[in-house]
Amino acid sequence: MIALPDRAQAAEAGPASPERLWREVWIGADATATSWLVYSGMTLSPLSGIHDDGPRLRFATGYGGYSWRGTSKAINGSVAHGAGTTVYADALVGYLKRLGPLTAKAFVGVSLSGHTVTELVQPLGIPVAPDEAPINGREIGVKAALELWLNVGARGWSSLDLNWTGAHDTYSARFRAAWRAWPTVSLGVEAIVNGDQRHDIAEFVSEPGLDHLERRAGAFVRYEWYGGEVSLAGGVTSAPDDGGIKPYATLNWITQF
């Protein structure tokens, strides 16, 4: 399973914009031992500053590849494996609202999610046609996203980002908690879950065990300046039937103008 990235962090740490920066652009990369993803996007604030209350337009896209290898307990430990590529594109409208120390963003729109299976082999070495894979091809669906940022005292903050789209039933959640070791440098921890049609969200709702999902736990460092930020995160990830625990790393850069 390949994780979908943060479209842009819910980073709303400062006061209302002293000048009208109304465009935000980001690029990033995410990698594990069995997957990679590069992505970029833009948020526009046509009627207000990028940190101020008002409507938003967001566009994002990304492309990556992944492979997996798992062992079947039912068939004498026989190994199954597969590989593929993924692409996505989002077009969303939303609104930002500041409520004291809390900043909330909500978005809705459409998303295209594409998976191209290049290899799929069942236990006992039985090949499977790509069109018989649990997830393959392109779908377009409604997308919803919620991003929350909470300042905690003078030096602490936390964020929660939630995403879901009907395209391949793809969903993710990320929680971060951080402390500003210096005015422009934050150190923190993060927990992330990702899922899609291969591990249906209805199954997770009926049986909330995390074994249905790709799970991540890690730490990050974030450097910010007026009009931008860069963050680097890393830790461990584990997904169903994917060979145990692996490392992951994510690099994200944002600029506002």
Side-chain angles (χ1 to χ4, degrees), residues 4-28 39-62 88-111 141-167 170-180 183-184 186 188-194 201 220 222-231 233 252-257:
L4 292 182
D6 312 310
R7 306 302 189 260
Q9 298 184 36
E12 304 295 340
S17 305
E19 61 182 89
R20 190 169 179 257
L21 307 178
W22 62 278
R23 293 155 292 184
E24 180 177 76
V25 174
W26 68 92
I27 59 174
Y39 55 90
S40 65
M42 171 179 281
T43 298
L44 304 177
S45 178
L47 303 180
S48 62
I50 198 70
H51 295 295
D52 304 328
D53 290 5
R56 297 290 185 272
L57 300 174
R58 177 175 289 181
F59 308 95
T61 187
Y88 74 88
D90 299 337
L92 310 173
V93 297
Y95 197 88
L96 181 150
K97 181 67 176 177
R98 299 173 68 97
L99 302 166
L102 175 67
T103 299
K105 298 178 189 177
F107 290 90
V108 66
V110 296
S111 180
V142 173
K143 176 165 184 179
L146 177 65
E147 300 171 355
L148 304 175
W149 177 286
L150 179 66
N151 286 318
V152 183
R155 304 186 74 173
W157 59 268
S158 64
S159 66
L160 176 65
D161 298 341
L162 305 172
N163 292 275
W164 173 83
T165 173
T170 305
Y171 53 98
S172 66
R174 186 194 68 174
F175 174 77
R176 278 184 162 181
W179 173 69
R180 288 189 175 87
T184 59
S186 297
V189 296
E190 66 179 14
I192 302 169
V193 294
N194 296 292
I201 194 169
F220 68 92
R222 174 177 176 267
Y223 176 73
E224 61 185 287
W225 61 93
Y226 180 71
E229 68 177 71
V230 62
S231 64
N252 198 60
W253 173 81
I254 299 174
T255 188
Q256 299 157 349
F257 56 99

Applying side-chain contact (heavy atoms from CB on, under 4.5 Å) to T165 and V142, what does each step give before you reach the verdict? CA-CA 6 Å; T165 173; V142 173; over 6 Å; no
For R222 and W157, run side-chain contact (heavy atoms from CB on, under 4.5 Å): C-alpha distance rounded to whole Å, both residues' side-chain angles, the deciding distance at 0.1 Å, then the answer. CA-CA 12 Å; R222 174 177 176 267; W157 59 268; 4.0 Å; yes
Checking side-chain contact (heavy atoms from CB on, under 4.5 Å) for the pair L150/V152: CA distance, chi angles, key distance, verdict? CA-CA 6 Å; L150 179 66; V152 183; 4.2 Å; yes
Give the C-alpha distance, both sets of side-chain angles, the deciding distance and a yes or no for salt bridge (Lys or Arg N to Asp or Glu O under 4.0 Å) between E24 and R56. CA-CA 11 Å; E24 180 177 76; R56 297 290 185 272; over 6 Å; no
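Atoms CG and CZ, on L160 and F175 in that order, are 7.5 Å from each other to the nearest 0.5 Å. Between N151 atom CG and T103 atom OG1 the span is 7.0 Å, to the nearest 0.5 Å. The line from CD of E229 to CD of Q256 is 7.5 Å long, rounded to the nearest 0.5 Å.
For the pair S172 (side chain) and V193 (backbone), a donor-acceptor distance under 3.5 Å is absent. No donor-acceptor pair under 3.5 Å is formed between the side chain of R155 and the backbone N or O of S186. Remark: side-chain polar atoms of S48 are paired, donor with acceptor, to backbone N or O of D53 under 3.5 angstrom. In this structure a side-chain-to-backbone donor-acceptor pair under 3.5 Å is present from R98 to H51.
The side chain to side chain contact (heavy atoms under 4.5 Å, CB included) test with F107 singles out one residue from L92, L57, L96, D90, and that residue is L92.
A pairwise comparison of heavy atoms in N252 and Y39 identifies OD1-OH, 3.0 Å as the closest pair. Here the closest non-hydrogen pair linking A154 and R180 is O-NH1, 4.4 Å. Here the shortest heavy-atom pairing between W253 and T255 reads CH2-CG2, 3.4 Å. Contact detail for I50 and W22: the closest heavy-atom pair is CD1-O, 4.0 Å. Residue F220 comes nearest to A177 through the heavy atom pair CE2-O, 4.1 Å, listed as atom of the first residue, atom of the second, then distance. The two residues L148 and L102 come nearest to each other via the heavy atoms CB-CD1, 4.3 Å.
Partners of T61 by side-chain hydrogen bond (donor to acceptor under 3.5 Å, both in side chains), not counting sequence neighbours: none found. Y95 is linked by a ring pair (Phe, Tyr, Trp, His ring centres under 6.0 Å) to nothing, counting only residues two or more places apart in sequence or in another chain.
A 4.5 Å side-chain heavy-atom check between R58 and K143 finds every atom pair outside the cut-off.
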